[in-house]
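Per chain, numbering begins at 1; letters A, B, ... match sequence-line order.
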Amino acid sequence: MVNERALVQTAATDPFALVSARLEPWLSQRAGGGAVDPVVRPSDHADAQINGALPLAKQLGCNPRDLATEIVESGQLDDLCAALEVAGPGFINVTFADSTIDHLLTEVANDEHLGLHKSSEPRTVVIDYSAPNVAKEMHVGHLRSTVIGDALVRMYSAAGHKVIRENHIGDWGRPFGMLIEHLLDLGEEVASSGLGQGDLDSFYKAANAKFSESEEFQERSRERVVLLQSGNPETHVLWDRLVAMSTAYFNTVYEQLGVLLVDDDLMGESKYQPLMPATLERLEASGLMSESDGAKVVFPPGFTNRDGDPLPLIVQARTGGFNYATSDLACVIDRIERLGADLMLYVIGAPQQQHLEMVFAVAKMAGWMPEGVSAVHVAFGNVLGDDKKMLRSRSGESVKLVDLLSEAVDRASAAVEEKNPSLSDAERAAVAEMIGIGAVKYADLSTDRVRDYVFNWDRMLAFDGNTSPYLQYAHARICSIFRRAAEEGVSSGEIAVREPAERALGLHLLGYPAVVADALESNSPHRLCTYLFELAQLFTSFYEQCPVLKSDGDTRSSRLAVCDLTARTLSAGLGLLGIDAPEQM
RNA sequence: GCCCCCGUAGCUCAGUGGAUAGAGCAACGGUUUCCUAAACCGCAGGUCGCAGGUUCGAGUCCUGCCGGGGGCGCCA
């Protein structure tokens, strides 16, 4: 429980943490010293349940129900709780006093961060995500890395950490010989205008086709790679142009998608080229490097190939060229030694797992990744079509991200037009943008990232179920209440939750910081999604059962305050996911 | 052949070693002169892939199998 490396400060307003903190010293003393986790958990039978008596009784060799009774009778929780009762084999069911909930809610409502406080021990977190390839179209395959990475950036920042975004674009390597030659063949002007329109796919494919057809082109391409790598100025100008056209295009996609990536975050493979010889020298000096089939390799223990032989990480090919293992190692060094990273997240597809494990293992063996610095592969699964196979367009090609996003906005616009015709064209366009893009992002973020998920327009854009439109709608309804409240000149006041529905909503609101902590510990934005969905459900249930503006006096002002806090939590939570919450829809 | 990931309701998915495994969708039955019904309430739906093991307690941890996906030397 005590963890000085915790990513999120334990909230003083979290009733679960409060119970835990009260019980810990008492239990520890009862156990004769040593840390004891009270194991406070959500419960179906009460506001919370304490399970800690069972393992401790086992340890002390006493009866768990007796120990649970002892805990209850210790009086540690008396001022917080309305009821404490021992149940089953030794659980303690906790019912918080209404006054406890009121008090904590008031504190959270007065806090602009809703109880989510900046870490007192901020870490330097490098997050590697998106990583499209220069001269190639961004397709649905880049969606997950970009969206998940963006959410993590926002969450780590909110928790008070120093976040460094790194967009490791594919801007170097063998294909650039053919791309530059193709650019020259087309003439710079033509190519420039073609790429400017975002028609990157056909450019790349044309170059590729020429490469496989013409030996003369292959030869030129190979020579061009050599020129590029040797720093030939004329070649570099052309390369620069290709990269600039692509990154300008990426920026338009990022803007449409509403992610934080900007040019300053670009850190493509080319940036690590100058660092590779030194990386190799350091590996050499470490004594880890050996030679295998003419290539320079390192054998991290525990990895085997098809034949059961040790599997090498190849850091220099037989031909003398470096590859992505070398570049990834240089990258680790750069992030730790130049940027001062103590946590590195790689938001990269699951198939890269073994490669990354090997890179991390070698970096550790070489002493580049000391104690206290960690690298985490934030892996994710595929986006599937309704046929459960990789999502493809009708023609069987990968789906362009821009096409996907504009279809999302179109569909959202049609839905808004049908359901709220009173919005002006401009309002509708803005709202459709938030709903459409939000729906795509939420669909991606709301399931465990490591699994594949099925991409389905109707489901993600539905206004009910676990979707962003449902959450956005809950938020918009609250905003509507406040527009009306302003007209009527009423405002929120002191919080006092009484009805079961508002009490349940209030208790859930207090869990916001803890759920962000939970999501961060496992780099799992879907945990935040689940929380927000439950919040929206609890709100709509409250909204049905507890009249707000139609009540009066203290009840009305209290309910308005609960509404306000709910709206702020929904908006902030969606914000951490990179999703906007419109005030009307 | 070896390694990794996944397998939970008809469908899409949650589930921190804790009580009777939960939502949503679809289906069925209700609710609106009332703050956005784009909603809510109710009802039903399960051999948690299978078999062992550890544990006071296993969907969760361990082992083996079955099914699906992915990876396994010089592309990135």
Side-chain angles (χ1 to χ4, degrees), chain A residues 39 41-45 49 51 54-55 57-58 64 87-91 93 131 133 168 170 172-175 269 292-297 302-309 311-325 327-328 349-355 357 379 381-382 384 388-390 415-416 418-420 443 446-448 450-454 456 458-460 462-467 469-470 472-474 476-485 488 518 521-522 526-527 529-530 533-534 537 540-541 543-551 559-560 563 584-585:
Chain A
V39 197
R41 298 281 186 268
S43 177
D44 293 333
H45 306 85
Q49 64 184 56
N51 302 337
L54 285 97
K58 173 84 176 167
F91 304 110
N93 288 335
N133 292 313
H168 198 105
W172 202 255
R174 221 176 47 185
E269 285 156 23
S292 174
D293 294 338
K296 299 265 174 67
V297 304
F303 298 91
T304 54
N305 68 12
R306 230 176 278 270
D307 305 319
D309 299 326
L311 182 68
L313 187 69
I314 296 168
V315 293
Q316 188 171 30
R318 197 170 18 213
T319 58
F322 300 125
N323 56 22
Y324 78 135
S327 141
D328 284 345
Q352 296 293 321
Q353 182 176 325
Q354 184 178 272
H355 167 72
E357 278 174 1
N382 295 313
L384 306 180
K388 298 283 180 78
K389 291 183 177 151
M390 295 271 280
V416 171
E418 184 197 325
K419 302 198 161 152
N420 191 352
S446 58
T447 65
D448 187 357
V450 82
R451 294 174 51 140
D452 297 344
Y453 76 92
V454 176
N456 181 294
D458 291 336
R459 206 162 48 229
M460 74 176 73
F463 290 91
D464 45 21
N466 188 8
T467 67
Y470 177 77
Q472 289 168 323
Y473 177 59
R477 288 173 102 179
I478 301 173
C479 292
S480 167
I481 293 174
F482 278 94
R483 278 192 296 274
R484 207 170 272 248
E488 296 176 14
D518 195 33
E521 296 291 347
S522 56
H526 84 278
R527 295 188 175 221
C529 294
T530 302
F533 175 53
E534 287 164 352
Q537 280 185 305
T540 46
S541 184
Y543 181 84
E544 292 290 324
Q545 290 165 48
C546 302
V548 179
L549 295 175
K550 291 192 162 45
S551 60
R559 286 180 181 170
L560 275 169
C563 283
Q584 53 181 327
M585 57 190 278

Peer 1: Protein-nucleotides 63-65 of chain B N/O pairs closer than 3.5 Å?
Peer 2:
none

Peer 1: Considering only C13(B), C72(B), A39(B), which nucleotide approaches the side chain of L311(A) most closely?
Peer 2: C72(B)
Peer 1: Among C40(B), C74(B), C35(B), which is the nearest nucleotide to the side chain of T540(A)?
Peer 2: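 For T540(A), the side-chain atoms sit closest to C40(B).
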Peer 1: Decide side-chain contact (heavy atoms from CB on, under 4.5 Å) for S43(A) and N93(A); before the verdict, give the C-alpha distance in whole Å, the side-chain angles of both, and the deciding distance to 0.1 Å.
Peer 2: CA-CA 8 Å; S43(A) 177; N93(A) 288 335; 4.1 Å; yes
Peer 1: Categorize F482(A) for me: base, sugar-phosphate, or nothing, with a 4.0 angstrom heavy-atom threshold over every strand shown.
Peer 2: nothing
Peer 1: State, without any angle test, whether Y473(A) and T540(A) hold a side-chain donor-acceptor pair at a distance under 3.5 Å.
Peer 2: no
Peer 1: Can you list everything that forms a side chain to side chain donor-acceptor pair (under 3.5 Å) with S480(A)? Sequence neighbours excluded, please.
Peer 2: none
Peer 1: For nucleotides 3-11 of chain B, list the nitrogen or oxygen atoms of the protein found under 3.5 Å from its nitrogen or oxygen atoms, one pair per line.
Peer 2:
unit_1, atom_1, unit_2, atom_2, d
C4(B), O2', Q353(A), OE1, 2.9
C4(B), O2', Q353(A), NE2, 2.9
G7(B), OP1, R451(A), NH1, 3.1

Peer 1: Any donor and acceptor pair, going by atom type alone, linking the side chain of N305(A) with main-chain N or O of D307(A) inside 3.5 Å?
Peer 2: yes
Peer 1: Distance check, C1' atoms only: G59(B) and G7(B), in whole angstrom units.
Peer 2: 11 Å
Peer 1: State which of U36(B), C74(B), A38(B) makes the closest approach to the side chain of Q584(A).
Peer 2: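 Closest nucleotide among those given: U36(B).
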Peer 1: Nearest of A38(B), C72(B), C35(B) to any side-chain atom of L549(A)?
Peer 2: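 Selected nucleotide: C35(B).
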Peer 1: Between which residue ranges does RNA chain B form stems of three or more consecutive Watson-Crick or G-U wobble pairs, both distances under 3.5 Å?
Peer 2: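 Consecutive-pair runs (3 or more) involving RNA chain B: B:1-7 with B:66-72, B:10-13 with B:22-25, B:28-31 with B:39-42, B:49-53 with B:61-65.
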Peer 1: By the 4.0 Å heavy-atom rule, please label V454(A) as base, sugar-phosphate, or nothing.
Peer 2: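 If one applies the 4.0 Å heavy-atom cut-off, V454(A) turns out to touch the sugar-phosphate alone, with no base involved.
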Peer 1: Identify, with sequence neighbours excluded, every residue that meets side chain to side chain donor-acceptor pair (under 3.5 Å) alongside D464(A).
Peer 2: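 Not a single residue meets the side chain to side chain donor-acceptor pair (under 3.5 Å) criterion with D464(A).
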Peer 1: Rounding to a whole Å, what distance do you find between Y473(A):OH and U36(B):C1'?
Peer 2: 4 Å
Peer 1: Would you measure the distance from the P atom in G24(B) across to the matching atom in C43(B) and give it in whole Å?
Peer 2: 12 Å
Peer 1: Could you tell me how far apart H526(A) (NE2) and U12(B) (P) are, to the nearest whole angstrom?
Peer 2: 17 Å
Peer 1: Using heavy-atom distances to pick each residue's nearest nucleotide on RNA chain B, tell me which of K419(A) and F322(A) is more 5'.
Peer 2: K419(A)
Peer 1: Rounding to a whole Å, what distance do you find between N466(A):CG and A26(B):C1'?
Peer 2: 16 Å
Peer 1: Could you tell me how far apart F463(A) (CZ) and C25(B) (P) are, to the nearest whole angstrom?
Peer 2: 14 Å
Peer 1: Side chains of Q316(A) and V297(A): does their closest heavy-atom pair fall under 4.5 Å?
Peer 2: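 Sidechains of V297(A) and Q316(A): no contact.
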Peer 1: For C546(A), report the nucleic acid contact type (base, sugar-phosphate, nothing); a contact means any heavy atom under 4.0 Å.
Peer 2: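 Counting heavy atoms under 4.0 Å across all strands, the contact made by C546(A) includes a base.
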Peer 1: In this structure, how many angstroms lie between the P atom of C75(B) and the CD atom of E269(A), rounded?
Peer 2: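 About 14 Å, once rounded to whole Å.
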Peer 1: Please state how far atom CG in L313(A) lies from atom C1' in G73(B), giving the value in whole angstrom units.
Peer 2: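 Rounding to the nearest Å, CG of L313(A) and C1' of G73(B) are 10 Å apart.
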Peer 1: So which protein nitrogen or oxygen atoms get under 3.5 Å of nucleotides 17-21 of chain B's nitrogens or oxygens?
Peer 2:
unit_1, atom_1, unit_2, atom_2, d
G18(B), O2', Q49(A), NE2, 3.4
A19(B), N7, Q49(A), OE1, 2.9
A19(B), N7, Q49(A), NE2, 3.3
A19(B), N6, Q49(A), OE1, 3.2
A19(B), N6, N93(A), OD1, 2.2
A19(B), N1, N93(A), ND2, 3.4

Peer 1: What verdict does the side-chain contact (heavy atoms from CB on, under 4.5 Å) test give for H45(A) and F91(A), after you've listed the backbone C-alpha separation in whole Å, the side-chain angles of each residue and the deciding distance to 0.1 Å?
Peer 2: CA-CA 10 Å; H45(A) 306 85; F91(A) 304 110; over 6 Å; no
Peer 1: Any side-chain N or O of Y470(A) less than 4.0 Å from the OP1 or OP2 oxygen of A23(B)?
Peer 2: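 For A23(B), neither OP1 nor OP2 has a side-chain N or O of Y470(A) closer than 4.0 Å.
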Peer 1: Take atom CG of N382(A) and atom P of G68(B), then tell me their distance rounded to the nearest Å.
Peer 2: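 Answer to the nearest Å: 17 Å.
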Peer 1: To the nearest 0.5 Å, tell me how far H526(A) NE2 sits from N466(A) CG.
Peer 2: 10.5 Å
Peer 1: How long is the line joining CD of E418(A) and P of A37(B), in whole Å?
Peer 2: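 Distance check: E418(A) CD to A37(B) P gives 16 Å.
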Peer 1: Within the structure provided, determine whether F322(A) and S327(A) are in side-chain contact (heavy-atom separation under 4.5 Å).
Peer 2: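 They are not in side-chain contact.
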Peer 1: So, T467(A) side chain and A462(A) main chain: donor-acceptor pair closer than 3.5 Å or not?
Peer 2: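 Answer holds: yes.
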Peer 1: Look at the rings of Y324(A) and H355(A) and say which category their plane angle falls in: under 30° parallel, 30 to 60° tilted, over 60° perpendicular.
Peer 2: parallel
Peer 1: So, is R559(A) near the phosphate of C35(B), with a side-chain N or O under 4.0 Å from OP1 or OP2?
Peer 2: no
Peer 1: Would G10(B) be called syn or anti here, given the cut-off of 90° from 0?
Peer 2: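 Anti, which is what one calls it when the glycosidic angle falls more than 90° from 0.
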Peer 1: With a 4.5 Å cut-off on side-chain heavy atoms, are P469(A) and M460(A) touching?
Peer 2: no
Peer 1: Taking the side chain of P351(A) as its heavy atoms from C-beta onward, which of A23(B), G70(B), C74(B) lies nearest to it?
Peer 2: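 The closest nucleotide is G70(B).
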Peer 1: Please state the C1' separation for the pair C28(B) and G69(B) - nearest whole angstrom.
Peer 2: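 These two C1' atoms come out 37 Å apart once rounded.
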Peer 1: Which part of the nucleic acid does R484(A) contact within heavy-atom distance under 4.0 Å: base, sugar-phosphate only, or nothing?
Peer 2: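 The residue R484(A) makes sugar-phosphate contact but no base contact.
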Peer 1: Just compare G24(B), A39(B), G73(B) and give me whichever is closest to any side-chain atom of R477(A).
Peer 2: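 That would be A39(B).
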Peer 1: Name the nucleic acid region contacted by P469(A), choosing base, sugar-phosphate or nothing; use a 4.0 angstrom heavy-atom cut-off, strictly under.
Peer 2: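 Contact class for P469(A): none.
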Peer 1: Heavy atoms under 4.0 Å, any strand shown: does F303(A) hit a base, just sugar-phosphate, or nothing?
Peer 2: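 Counting heavy atoms under 4.0 Å across all strands, no contact is made by F303(A).
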Peer 1: Any idea which of C40(B), C75(B), G73(B) is nearest the N305(A) side chain?
Peer 2: G73(B)
Peer 1: Using a 4.0 Å heavy-atom cut-off across all strands, classify N323(A) as base, sugar-phosphate, or nothing.
Peer 2: sugar-phosphate
Peer 1: For a quick check of understanding: with a heavy-atom distance under 4.0 Å over all strands, which category does D464(A) fall into, base, sugar-phosphate or nothing?
Peer 2: sugar-phosphate
Peer 1: Nearest of U36(B), C40(B), C13(B) to any side-chain atom of Y453(A)?
Peer 2: C13(B)
Peer 1: With a 3.5 Å cut-off and no angle check, do the side chains of Q545(A) and S541(A) form a donor-acceptor pair?
Peer 2: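 Per modelled atom types, Q545(A) and S541(A) side chains form a pair under 3.5 Å.
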Peer 1: Which value, in whole Å, describes the distance between the C1' atoms of nucleotides C66(B) and U47(B)?
Peer 2: 16 Å
Peer 1: State whether S541(A) places a side-chain N or O below 4.0 Å from either non-bridging phosphate oxygen (OP1 or OP2) of C41(B).
Peer 2: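 Yes, because at least one side-chain N or O of S541(A) sits under 4.0 Å from OP1 or OP2 of C41(B).
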Peer 1: For S446(A), report the nucleic acid contact type (base, sugar-phosphate, nothing); a contact means any heavy atom under 4.0 Å.
Peer 2: nothing
Peer 1: Can you work out whether N420(A) or Q352(A) has the more 5'-proximal nearest nucleotide on RNA chain B?
Peer 2: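 On the 5' side of the pair lies N420(A).
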